[in-house]
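Working notes for the structure below.
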Amino acid sequence: MPELPEVETTLRGIAPCLEGHAIAAMVVRNSSLRWPVPAAVSRAEGQVVSACRRRAKYLLIEIAEAGGGLLLHLGMSGSLRICDADDAPRKHDHVDIVMDSGLCVRFNDPRRFGALLWWDGNPEAHELLRDLGPEPLSNDFSGEHLWRLSRGRKGAVKSFIMDGHVVVGVGNIYASEALFMSGILPSRAAGRVSAARHEALAAAIRDVLAHAIRRGGTTLRDFVNAEGNPGYFAQELLVYEREGNACFQCGTPIRRKVIGQRSSYFCPRCQR
DNA sequence: ACTGGATCCTGACTGC
DNA sequence: TGCAGTCAGGATCCAG
């Protein structure tokens, strides 16, 4: 479920509850997430959260006093919500970060593809983070970057922009949207997209992600922010899950095609 | 170095 | 109603 805008929305929701406050307890009801939740997460107990950040789709809850912090990934079906620590847990509420304030940040994840780990020292050096590409909303990301990395690549440009080593945070929804916005067929070989079109693609990725963040993310089925509310970008999707509906630009029916085992949506007339 | 495929897991939905 | 099959927003790992 969550792509970069949804993770960013979640971060902005939980940060005020965490930053500057002490963690009273880490309650792990079910430790079998993508990787087992390590006992080390209890090192957060009794410590003040110094900062909350995001890198790619990972949430970093930094605890300077402990020389490390919590690393959280929402996977495909995870969400974080703020509630009272004594609210009864619901199905799939696997972990609570209980705060001194009496509030708690509760991690729910039906499919358990999410992760909660502990990092020591510099989080950027963590094995899950160290080989990641640039943030799409940073100055390190550009059309020139995409063009350079794509030379000689025969795989579909859609799979290319979803590869976290190329650029982070572009998931299945926004990949289809950005390719439509820049007029590029998702199945086209990445290495056969011109420099000018990579420039347009980079701009589209930036625009669609920034706009989705302003709308509080995309709720297709079950995404909710930290307050339990949905995001409002779904109503603005141009091609995603619009198979058979008229293209907003030319009226041609939107098509669906599986690329890299993921559904891809595109206009066969507007995209080349 | 790159690419495609399998895989982890539950729930919602479809068609018989 | 029930049941089998399909699909889902991620990303790692492995074989070739």
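The basis for the numbers below is simple: all heavy atoms, side chains too, and nothing from hydrogens, waters or symmetry mates. Every chain is numbered from 1 and lettered A, B, ... according to where its sequence line falls, protein lines coming before strand lines.
Within 6.0 Å of the CZ atom in A/Arg148, the count of heavy atoms belonging to other residues, nucleotides or ligands exceeds 12. Applying the 6.0 Å contact sphere to CZ of A/Arg90 captures no more than 12 heavy atoms from other residues, nucleotides or ligands. Residue A/Trp118 places its CH2 atom among more than 12 non-hydrogen atoms of other residues, nucleotides or ligands, all under 6.0 Å distant.
Between B/dG5 and C/dC7, the distance separating the two P atoms is 15 Å to the nearest Å. Taking atom C1' in both C/dG9 and B/dT3, one finds a spacing of 23 Å when rounded to whole Å. With P as the reference atom, B/dA6 and C/dT6 are 14 Å apart, rounded to whole Å.
Counting to the nearest Å, the C1' atom of C/dA8 and the CZ atom of A/Arg262 are 8 Å from each other. One can place CD of A/Glu243 at 15 Å from C1' of C/dA8, the figure rounded to the nearest angstrom. Atom-to-atom, NZ of A/Lys57 to P of C/dG10 comes out at 4 Å; the value is rounded to the nearest Å. Here C/dA8 presents its P atom at 11 Å from CD of A/Gln261, a figure rounded to the nearest Å. In this structure, the CE atom of A/Met76 is 16 Å from the P atom of B/dT7, given to the nearest Å. Nucleotide C/dT12 holds its C1' atom 9 Å from the CG atom of A/Leu128, rounded to whole Å. Rounded to whole Å, the distance from CE on A/Met162 to C1' on C/dA11 is 9 Å. Atom CG of A/Asp163 and atom C1' of B/dT3 are 11 Å apart (whole Å).
Across all strands shown, A/Phe160 has no heavy atoms under 4.0 Å from either base or sugar-phosphate atoms. Nucleic acid contact for A/Arg34: base, since at least one base atom lies under 4.0 Å from a heavy atom of the residue. If you check every strand for non-hydrogen atoms under 4.0 Å, A/Ser159 touches nothing.
Salt bridge A/Arg81/A/Asp87: absent, no basic N to carboxylate O contact under 4.0 Å. With respect to the salt-bridge test (charged N to carboxylate O, under 4.0 angstrom), the residues A/Glu241 and A/Arg256 do not qualify.
The residue among A/Ala156 and A/Phe113 whose nearest nucleotide of DNA chain B is located toward the 5' end is A/Ala156.
Contact annotation: A/Arg153 side-chain N/O to B/dT3 OP1/OP2 distance is under 4.0 Å. Between A/Ser263 and C/dA8, a side-chain N or O to OP1/OP2 separation shorter than 4.0 Å is present. An OP1 or OP2 oxygen of C/dG10 is reached within less than 4.0 angstrom by no side-chain nitrogen or oxygen of A/His73. Using a 4.0 Å cut-off, some side-chain N or O of A/Tyr240 falls inside it from OP1 or OP2 of C/dG9.
DNA chain C contains the following stems of three or more consecutive Watson-Crick or G-U pairs, with both distances under 3.5 Å: B:2-8 with C:10-16, B:10-16 with C:2-8.
Listed candidates were C/dG10, C/dT12, B/dT10. Nearest to the side chain of A/Arg112 is B/dT10.
The side-chain tip of A/Arg242 does not point at the ring of A/Phe180 from less than 6.0 angstrom away and within 45° of straight on.
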Anything under 3.5 Å between a protein N or O and an N or O of nucleotides 11-15 of chain B, put it in a table, one pair a line.
residue	atom	partner	partner atom	Å
B/dG11	OP1	A/Lys91	NZ	3.1
B/dG11	OP1	A/His92	NE2	2.6

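Pairs of residues two or more places apart, or lying in two chains, that qualify as side chain to side chain donor-acceptor pair (under 3.5 Å) and include a residue from residues 169-179 of chain A are A/Glu6-A/Tyr174, A/Lys158-A/Asn172, A/Tyr174-A/Thr218.
Taking CG of A/Leu117 as the start and OH of A/Tyr58 as the end, the distance is 8.5 Å to the nearest 0.5 Å. Distance CD1/A/Ile14 to CG/A/Asn225: 11.5 Å, rounded to 0.5 Å. Atom CD in A/Glu199 sits 12.0 Å away from atom NE2 in A/His145 (nearest 0.5 Å).
You'll find a donor-acceptor pair under 3.5 Å spanning the side chain of A/Arg111 and the base of B/dC9, going by distance alone.
Only one option out of A/His92, A/His94, A/Lys91 pairs with A/Asn108 in a side chain to side chain contact (heavy atoms under 4.5 Å, CB included); it is A/His92.
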